[in-house]
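Just so you know, ligand 1 is whichever comes first in the structure, and atom 1 is the first atom listed for that ligand. Worth saying up front: this structure is predicted, and the values here are computed from it rather than measured.
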Amino acid sequence: MKALVYNGPGKKAVEERPMPRVALSTDAVVKISKTTICGTDLHILKGDVPSCVPGRVLGHEGVGIITELGQGVTGFRIGDHVLISCISSCGKCDYCRRGMYSHCTTGGWILGNSIDGTQAEYVRIPHADTSLYKIQAGANEEALVMLSDILPTGFECGVLNGKVQPGSTVAIVGSGPIGLAALLTAQFYSPAEIVMIDLDDNRLAMARQFGATTTINSRDGNAAATVMKLTGGRGVDTVIEAVGIPATFELCGEIVAPGGTIANVGVHGTKVSLHLERLWDRNVTITTRLVDTVSTPMLLRTTQSGKIDPALLVTHRFKLAGILEAYDTFSAAADTKALKVIIEA
Ligand SMILES: NC(=O)c1ccc[n+]([C@@H]2O[C@H](COP(=O)([O-])OP(=O)(O)OC[C@H]3O[C@@H](n4cnc5c(N)ncnc54)[C@H](O)[C@@H]3O)[C@@H](O)[C@H]2O)c1
Ligand SMILES: [Zn+2]
Ligand SMILES: [Zn+2]
């Protein structure tokens with residue numbers, strides 16, 4: 001089969017690979033119909049993720065059809081149309097039983113990281129019963145690919161951890177796929193204001209289409225002052241950090257209101273300053289989280305009923321044979337205006 005293989009920092013290639021087979025009785029093999037590329041795949045290609053070694057098939061998002069099942073899988077049949085979660089979970093370990101699938105002792109984020117992933121014609125899925133979700137007949141596959149990772153990430157790490165409330169004020173720093181996923185799902189709770197902050201005017205225009213009440217381009221360095229002016233000097237109740245660099249985390253601390261919450265979503269690769277000398281008396285909460293994908297069943301229902309339309313995030317489409325071009329397009333988002341690219345296997 002064809003697969004996109006990571007060959008060390010800066011190196012990737014489409015290669016011919018053996019078909020994956022069921023290795024444990026709890027595994028399934030899924031024939032991929034659609035997959036996508038995540039910002040985290042770009043982190044891997046920069047060499048930022050040491051657990052992902054050269055030779056690995058990348059990708060942790062996708063939908064497809066089950067072609068092989070281990071004897072221990074009871075919830076699925078061959079031929080079932082399924083959504084693949086970016087997080088594999090056994091459902092039985094201490095962490096899984098607390099809903100922290102991301103820290104599953106025999107799973108977590110392993111796909112396209114410590115085991116071969118979904119940017120291929122076929123993929124082996126461990127703990128299939130608790131890591132796959134059935135897709136309804138006629139569902140929009142492109143919309144559902146957004147539910148493997150970015151929708152649950154924006155919702156769980158941003159909206160739930162950030163305690164978005166009806167009538168509250170929200171700021172989301174970063175209007176990439178994750179920030180926009182937080183924007184879409186924050187609206188479940190009817191906040192009064194959602195301010196989106198980014199450097200890219202195209203992404204801010206998308207944010208206005210997706211329901212942002214105000215957008216701020218922070219290039220001039222005045223974003224904090226603008227938010228404080230907008231909120232009468234109070235700041236916002238929830239700030240969601242969806243970039244992953246020191247400057248944007250520090251901005252969150254400058255605009256959080258007394259009693260508010262800073263929900264960090266971004267993956268940080270360098271040391272970040274926490275200004276406790278400013279924050280100690282402001283009754284704020286700071287949260288961190290690796291996506292657990294516990295909200296996937298709810299997100300499937302809200303997508304299937306049309307309450308949210310994650311397909312709006314799809315900007316480009318490629319075939320698996322053209323995945324290198326898909327990577328180029330996704331990596332040059334400022335020029336190509338790419339958000340999520342769909343790859344059809
Ligand atoms: N916690 C988790 O489980 C989890 C899961 C998936 C992704 N992530 C992380 O979430 C973050 C966002 O992911 P994404 O795919 O949307 O990334 P992305 O790179 O596509 O988007 C980031 C956005 O931030 C903007 N930006 C960059 N520098 C900025 C600055 N100084 N001020 C304002 N905006 C700035 C960019 O223009 C871009 O639109 C990444 O760090 C990613 O690794 C976390
Ligand atoms: Zn991802
Ligand atoms: Zn587990």
*Asks:* Are Ile286 and Val239 connected in the hydrophobic side-chain network, where two residues link if heavy atoms are under 4.5 Å apart?
*Replies:* yes
*Asks:* Do Thr248 and Glu241 have a side chain donor and acceptor closer than 3.5 Å?
*Replies:* yes
*Asks:* Nearest to atom 44 (C) of ligand 1, what protein heavy atom do you find, and at what distance?
*Replies:* Val265 O, 3.0 Å
*Asks:* If you count the non-hydrogen atoms of other residues, nucleotides and ligands that lie under 6.0 Å from CD in Glu16, is the total more than 12?
*Replies:* yes
*Asks:* At a 4.0 Å threshold, what atoms of ligand 1 neighbour a non-hydrogen atom of Gly176?
*Replies:* 16 (O), 21 (O), 23 (C), 39 (O)
*Asks:* Write out the residue and atom name of the closest protein heavy atom to atom 27 (C) of ligand 1, then the distance separating them to 0.1 Å.
*Replies:* Val243 CG1, 3.5 Å
*Asks:* Would you mind running through ligand 1 and noting each atom that sits below 4.0 Å from a heavy atom of Arg289?
*Replies:* 1 (N), 2 (C), 3 (O)
*Asks:* Could you find the nearest protein heavy atom to atom 43 (O) of ligand 1 and give me its residue, atom name and distance?
*Replies:* Val267 CG2, 3.2 Å
*Asks:* Provide, to 0.1 Å, the distance between atom 37 (O) of ligand 1 and the closest protein heavy atom, together with that atom's residue and name.
*Replies:* Asp198 OD1, 2.6 Å
*Asks:* Just going by heavy-atom distances, which of Arg219, Arg203, Met196, His268 is nearest to atom 38 (C) of ligand 1?
*Replies:* Arg203
*Asks:* Should the proximity of Leu251 to ligand 1, defined as any heavy atom under 4.0 Å, be assigned to the side chain, the backbone, both, or neither?
*Replies:* neither
*Asks:* A quick test of your reading: do over 12 heavy atoms of other residues, nucleotides or ligands sit less than 6.0 Å from CZ of Phe76?
*Replies:* yes
*Asks:* What about Leu290: any of its N or O atoms under 3.5 Å from an N or O on ligand 1?
*Replies:* no
*Asks:* With respect to Asp200, determine whether any N or O atom, backbone or side chain, lies less than 3.5 Å from an N or O atom of ligand 1.
*Replies:* no
*Asks:* Just checking, is any N or O donor in the side chain of Glu254 or His275 under 3.5 Å from an acceptor N or O on the other one?
*Replies:* no
*Asks:* Can you tell whether the side chains of Arg21 and Glu68 come within less than 4.0 Å, N to carboxylate O?
*Replies:* yes
*Asks:* If you measure every N/O of Gly266 against every N/O of ligand 1, is any gap under 3.5 Å?
*Replies:* no
*Asks:* With the 4.5 Å side-chain cut-off for hydrophobic clustering, are Leu69 and Ile125 part of the same group?
*Replies:* yes
*Asks:* Is a donor from one side chain sitting under 3.5 angstrom from an acceptor on the other, for Glu61 and Thr36?
*Replies:* no
*Asks:* Would you say CD of Gln136 has more than 12 non-hydrogen atoms from neighbouring residues, nucleotides or ligands within 6.0 angstrom?
*Replies:* no
*Asks:* Relative to the heavy atoms of His43, which atoms of ligand 1 are at a distance of less than 4.0 Å?
*Replies:* 43 (O)
*Asks:* Can an N, O or S atom be found in His103 less than 2.8 Å away from the Zn ion (ligand 3)?
*Replies:* no
*Asks:* Need one value: angle at the Zn ion (ligand 2), Asp149 atom OD2 versus His60 atom NE2, rounded to 10 degrees.
*Replies:* 100°
*Asks:* Does atom 17 (O) of ligand 1 have any protein heavy atom closer than 4.0 Å?
*Replies:* no
*Asks:* What protein heavy atom is closest to atom 33 (C) of ligand 1, reported as residue, atom name and distance in Å?
*Replies:* Ser218 OG, 3.5 Å
*Asks:* Nearest 0.5 angstrom please: Phe210 CZ to Ile194 CD1, how far?
*Replies:* 12.5 Å
*Asks:* Measure from atom 6 (C) of ligand 1 to every heavy atom in Ile178, Asp48, Ile37, Asp41 and give the option owning the shortest one.
*Replies:* Ile178
*Asks:* What are the two closest non-hydrogen atoms of Asp149 and Pro152, and how far apart are they?
*Replies:* O-CD, 3.3 Å
*Asks:* Among all protein heavy atoms in this structure, tell me which lies nearest to atom 12 (C) of ligand 1, with the distance rounded to 0.1 Å.
*Replies:* Ala242 O, 3.2 Å
*Asks:* Give a yes or no on this: more than 12 heavy atoms of other residues, nucleotides or ligands lie within 6.0 Å of atom NZ of Lys31.
*Replies:* no
*Asks:* What pair of heavy atoms forms the shortest contact from Ile37 to Lys340, and how long is it?
*Replies:* O-NZ, 3.0 Å
*Asks:* Taking backbone and side chain together, does Cys90 place any N/O/S atom at a distance below 2.8 Å from the Zn ion (ligand 3)?
*Replies:* yes
*Asks:* For atom 3 (O) of ligand 1, what's the nearest protein heavy-atom neighbour? Residue, atom name and distance, please.
*Replies:* Val291 N, 2.9 Å
*Asks:* List the closest protein heavy-atom neighbour of atom 31 (N) of ligand 1: residue, atom name, distance to the nearest 0.1 Å.
*Replies:* Ile245 CD1, 3.6 Å
*Asks:* So is Ala247 close enough to ligand 1, meaning a heavy atom under 4.0 angstrom away?
*Replies:* no
*Asks:* Would Thr153 count as a polar contact of ligand 1, with the cut-off being nitrogen or oxygen pairs under 3.5 Å?
*Replies:* no
*Asks:* So with a 6.0 Å cut-off around CG of Asp94, is the heavy-atom count from everything else above 12?
*Replies:* no
